[in-house]
Amino acid sequence: MTNTVSPADERELEAIVAEAAAHGAALAVEGGGTRRGLGRPVEADTVVSTAAMSGITLYEPAELVMAAKAGTPLDEVETALAGNRQRLAFEPMDHRGMFGSKGHPTIGAVAAANISGPRRIESGAARDSLIGVRAVTGRGETIKSGGRVMKNVAGYDLVKFLAGSFGTLAVITEVTFKVAPMPETERSLIVSGLDASAAVAVLSAGLGSPFSVSGAAHLPSPSGAPSLTALRIEGFEDSVGARMGKLRSVVGAPGDADICDEAASKDLWASVRDLTSLAGESDAPLWRVSVKPGDSPAVAKMVGERDNRALLFDWGGGLVWIAGAGADAGVMAVRAAAGAAGGHATLVRAGREVRARVAVFEPLAPPAMTLTKQLKQAFDPGAILNPGRMYMGI
């Protein structure tokens, strides 16, 4: 039976990690436990949860800076920001619908997995807003990097290093983010019935326009219903209205294209962000494929449309979500299609046995794998933190 420990502070966490390192005992690291299905399964007798290390430690609205302990629920962070009409610019995805998980996503896990959403095309990923981090390494030592202002320094950028490391290098205990003002309103232009190629052309025209599009997605419908192609604009009311009218002309949207109001737009993009249309079973294979937007229709045709699989295009077509199939989740077909387009693919969701057998993250070239192993050795020499979660044996 797996034992779960929830240290109250860094000192307790240091002791837990140091003890595990001394005995070579593996630790599975998590925040609220809502994203356990991400990555390869971790074999460990003890789960270390940061959930008890919770609370906002710094918030300066005028400086657009917030710091919070890793276990702070994401909704607590977002509520505090909303009170000052501010938000996390990168629109972090909520994986609970995808995995059928319970609990509360935490801000530390958002940083550790570099979680972003549709607004990444305009505002960047979580790591682009992350300016400070505290963490406990696999040696049981606390490290600190960054602070309240964003600046360039010589040497390793540990803040960016740890973002997206999935708890394999260190256990994040506190994060500091740059935050952004919340816009007055938003609208979305919706075009129905386009195929993937026509949709990507519309999305590319919108993103190439001067109208600051903050969301660009295409939702095909395998059931035969019309597809939806959506472009979002945010900002002041008068500005949004003016830009939306011009955007409609620039992208060549037909006369019956719809402009949805703020409430409908928010609902639509929450659905895109959390992949509501692809929720499915908690172990149903789901791939995340990153390619050049212009190549995404061909990739989708090679892998998805051929078998009538569920699809969703985000980031103007640069990100394609594809439902997998088969005992191996369709790994050969997906990786072949992504590779032919110069992209890469990640198996975001699948059953435990499949994730243990299939390379979940894109396999690394030998030089990159050597560097990855060296980093693991430097931060976690005993390989006790989330061993194997990203790559087998690391």
Side-chain angles (χ1 to χ4, degrees), residues 9-10 13-14 17 29-32 35 38-39 48 50 53-61 63-74 77-78 80-81 86-93 105-117 119-180 361 368 371-381 385-386 389-390 394:
D9 53 34
E10 284 178 346
L13 178 58
E14 287 175 346
V17 174
V29 182
E30 67 178 32
R35 298 184 173 94
L38 278 177
V48 176
T50 62
M53 291 187 284
S54 179
I56 295 170
T57 56
L58 169 75
Y59 182 28
E60 296 186 356
E63 301 297 327
L64 296 174
V65 173
M66 174 180 279
K69 295 179 182 179
T72 308
L74 182 59
V77 169
E78 293 179 328
L81 291 173
Q86 295 177 349
R87 67 184 182 184
L88 295 171
F90 49 90
E91 199 172 8
M93 177 183 181
T106 62
I107 191 65
V110 167
N114 193 32
I115 303 298
S116 308
R119 202 177 291 112
R120 180 172 181 172
I121 56 173
E122 181 186 54
S123 302
R127 62 161 51 95
D128 297 307
S129 293
L130 186 64
I131 59 175
V133 66
R134 292 179 65 92
V136 174
T137 71
R139 302 174 187 273
E141 301 169 343
T142 294
I143 57 174
K144 176 184 177 182
S145 181
R148 294 165 55 185
V149 296
M150 196 174 295
K151 60 182 179 180
N152 294 320
V153 296
Y156 292 120
D157 187 346
L158 295 181
V159 173
K160 302 300 189 290
F161 233 30
L162 295 181
S165 64
F166 286 81
T168 60
L169 300 179
V171 184
I172 292 176
T173 58
E174 185 177 73
V175 293
T176 304
F177 281 102
K178 269 289 191 184
V179 300
F361 293 90
L371 179 59
T372 298
K373 291 179 178 179
Q374 290 172 344
L375 288 173
K376 179 68 169 178
Q377 175 66 27
F379 282 87
D380 179 23
L385 300 178
N386 276 352
R389 186 169 192 186
M390 295 190 73
I394 300 179

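All residue numbers refer to positions in the sequence shown, counting from 1.
One finds the NZ atom of Lys376 at 9.0 Å from the OG atom of Ser165 (value rounded to the nearest 0.5 Å). Rounded to the nearest 0.5 Å, atoms CZ (Arg119) and CD1 (Ile121) are 10.0 Å apart. For the atom pair CZ of Phe361 and CG of Leu38, the computed distance is 7.0 Å after rounding to the nearest 0.5 Å. Distance check, rounded to the nearest 0.5 Å: CZ of Phe166 to CG of Asn386 gives 10.0 Å. Within the model, atoms NZ of Lys178 and CG of Asp128 stand 14.0 Å from one another, a figure rounded to the nearest 0.5 Å.
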Determine whether Leu130 and Phe90 satisfy the following criterion, side-chain contact (heavy atoms from CB on, under 4.5 Å), listing intermediate values before the conclusion.
CA-CA 10 Å; Leu130 186 64; Phe90 49 90; over 6 Å; no
Do Thr173 and Val136 pass the side-chain contact (heavy atoms from CB on, under 4.5 Å) test, and can you show the C-alpha distance, the side-chain angles, and the key distance before you say yes or no?
CA-CA 7 Å; Thr173 58; Val136 174; 4.0 Å; yes
Thr50/Ile172 under side-chain contact (heavy atoms from CB on, under 4.5 Å): CA gap, chis, key distance, verdict:
CA-CA 8 Å; Thr50 62; Ile172 292 176; over 6 Å; no
Pair Ser116-Glu91, side chain to side chain donor-acceptor pair (under 3.5 Å): steps then yes or no:
CA-CA 6 Å; Ser116 308; Glu91 199 172 8; over 6 Å; no
Under the criterion side-chain contact (heavy atoms from CB on, under 4.5 Å), I'd like the reasoning laid out for Lys69 against Thr57: C-alpha separation, chi angles, the key distance, then a yes or no.
CA-CA 7 Å; Lys69 295 179 182 179; Thr57 56; 3.8 Å; yes
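The pair Glu10-Arg134 meets the salt-bridge criterion, since a charged nitrogen lies less than 4.0 angstrom from a carboxylate oxygen.
Although no hydrogens or angles enter the test, the distance criterion places a donor-acceptor pair under 3.5 Å between the side chain of Gln86 and the main chain of Pro61. Of the possible donor and acceptor atoms, one in the side chain of Arg139 sits under 3.5 Å from a partner among the backbone N and O of Ala378. Although no hydrogens or angles enter the test, the distance criterion places a donor-acceptor pair under 3.5 Å between the side chain of Asn114 and the main chain of Arg127. Formation of a donor-acceptor pair under 3.5 Å by the Thr372 side chain with backbone atoms of Ala368 is found in this model.
For the pair Lys144/Val133, no side-chain contact is recorded, criterion being any heavy-atom separation below 4.5 Å from C-beta on. Residues Pro105 and Met93 fail the side-chain proximity criterion, which asks for heavy atoms closer than 4.5 Å.
Partner of Val179 under the side chain to side chain contact (heavy atoms under 4.5 Å, CB included) criterion, out of Leu88, Val77, Val65: Leu88 alone. With respect to Asp380, the side chain to side chain contact (heavy atoms under 4.5 Å, CB included) criterion is satisfied by exactly one of Thr168, Leu385, Thr137, Leu375: Leu385.
With 3.5 Å as the limit, one finds a donor-acceptor pair spanning the side chains of Thr142 and Glu14.
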